[in-house]
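Whatever order the structure lists them in is the order used to number ligands and atoms, beginning at 1.
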Amino acid sequence: MSASPLIIDGRAVSARILSECKTRAARLAAERGRPPGLAVVLVGDDPASRAYVRSKDRTCRELGFHSVKHELPATISQTELLDIVARLNADPQVDGILVQSPLPKPLDESAVVHAIDPTKDVDGFHPVNVAKLALGDESGFVPCTPLGCQRLLVESGTPISGAHVVVLGRSLIVGKSLALLLMQKGAAADATVTVAHSRSRDLPALCRSADIVVAAIGRAHFVRAEHVREGATVIDVGINRIDDPADPRGYRLVGDVAYDEVAPRCRAITPVPGGVGPMTIAMLMSNTLKAFEQRP
Ligand code: NDP
């Protein structure tokens with residue numbers, strides 16, 4: 001296989017999607033007399049969550065969306081948090097609601113997700129939206145990271161219909177939802193999907209049988225050359241911190257794929273950073289626009 005695979009540029013694709021969202025938002029806002037609105041709820045002071053919420057708020061403003069940000073102390077009670085969700089459900093300016101995960105203990109994250117109006121659940125974690133994905137009902141919301149992975153496969157010209165996809169990881173946020181998405185009937189889907197996890201046997205052989213390998217397990221450099229057959233496409237969802245004294249931060253971010261040894265075998269591959277990561281926010285904005293469009 002060629003030693004120069006297509007490196008799938010998630011930053012460029014994300015920038016293009018966000019620019020399209022901005023144009024669509026302006027057109028819809030003119031028609032409806034108000035912009036699309038996204039509410040983001042942050043509880044506690046986890047630095048990574050705070051950074052995600054800041055970036056979502058900034059992107060909303062750049063796109064001309066109405067942005068509502070609730071930054072709440074970790075001491076907030078379950079009842080108070082549910083009250084805020086209920087107010088956002090009822091707010092006509094708000095089309096999408098996102099409660100940043102993880103919630104500090106002892107808050108019940110599942111109860112909070114269940115309380116969000118499914119028509120505003122732009123994260124796609126409410127049971128109604130999970131069911132719609134399983135049923136192939138396109139009115140529902142699909143979680144943003146799997147949507148981003150699917151879009152990168154399309155953008156890289158990777159054939160999906162009939163392809164064997166091995167997804168490593170079975171979380172709802174990534175692996176399970178991506179499997180449901182790619183096995184659906186229709187465009188950018190129709191794949192034969194195998195979902196693997198920590199109990200799966202002989203992962204190298206399983207992955208070598210795949211046309212597309214998606215790694216979403218959270219283990220640095222887990223996927224090696226022995227996992228990937230020549231000409232496969234590899235999507236690396238993992239974001240892992242490893243110590244790096246040469247980096248001013250003392251660490252750097254790497255994926256689940258040992259990029260240097262895997263890339264030469266691939267037809268196409270996503271880097272980390274700059275692959276799947278930037279897609280998540282683009283798909284969040286796209287889901288918020290969809291919620292706005294679907295609102296009567
Ligand atoms: P979870 O911890 O929820 O799930 C990890 C999955 O990987 C589980 O299904 C687990 O199996 C499986 N797994 C763990 N170790 C192994 C192993 N040795 N062999 C095979 N399977 C294994 O993680 P998430 O799905 O939330 O996230 C996965 C990665 O993706 C993380 O690095 C995360 O940071 C990243 N991520 C990136 C996003 C982005 O925007 N790019 C968004 C979301 C996540 P089991 O079920 O058996 O325990």
Engineer: Looking only at side chains, do Glu20 and Thr23 share a donor and an acceptor under 3.5 Å apart?
Structural biologist: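 On atom types as modelled, these side chains do not qualify, holding no pair under 3.5 Å.
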Engineer: Does Lys290 make a cation-pi contact with Phe141 (under 6.0 Å, within 45 degrees of the axis)?
Structural biologist: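 Yes, cation above the ring, under 6.0 Å and within 45°.
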Engineer: Going by the rule salt bridge (Lys or Arg N to Asp or Glu O under 4.0 Å), which residues pair with Arg54 if we only count those two or more places apart in sequence or in a different chain?
Structural biologist: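 Listed in chain order: nothing, the list is empty.
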Engineer: Which donor-acceptor pairs under 3.5 Å do the side chains of residues 179-192 make with protein atoms, sequence neighbours left out?
Structural biologist:
unit_1: Gln184; atom_1: NE2; unit_2: Leu133; atom_2: O; d: 3.2
unit_1: Asp190; atom_1: OD1; unit_2: Gly186; atom_2: N; d: 3.4
unit_1: Asp190; atom_1: OD2; unit_2: Gly186; atom_2: N; d: 3.3

Engineer: Using side-chain contact (heavy atoms from CB on, under 4.5 Å) as the criterion, point out the one residue from Val234, Val165, Val193 that pairs with Ile212.
Structural biologist: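 With Ile212 as partner, Val234, Val165, Val193 yield a single side-chain contact (heavy atoms from CB on, under 4.5 Å), made by Val165.
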Engineer: At a 4.0 angstrom heavy-atom cut-off, what protein residues surround ligand 1?
Structural biologist: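 Only Thr145, Gly169, Arg170, Ser171, Val174, His197, Ser198, Leu203, Ala216, Ile217, Gly218, Arg219, Phe222, Val237, Gly238, Ile239, Asn240, Val276, Gly277, Thr280 have heavy atoms that fall under 4.0 Å of ligand 1, ordered by chain and number.
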Engineer: Which other residues belong to the hydrophobic cluster containing Leu103, where Ile, Leu, Val, Met, Phe, Trp and Tyr are joined when side-chain heavy atoms lie under 4.5 Å apart, directly or via other members?
Structural biologist: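 Members alongside Leu103: Val41, Val43, Val68, Leu72, Ile76, Leu81, Leu82, Ile84, Val85, Leu88, Val94, Ile97, Val99, Leu107, Val112, Ile116.
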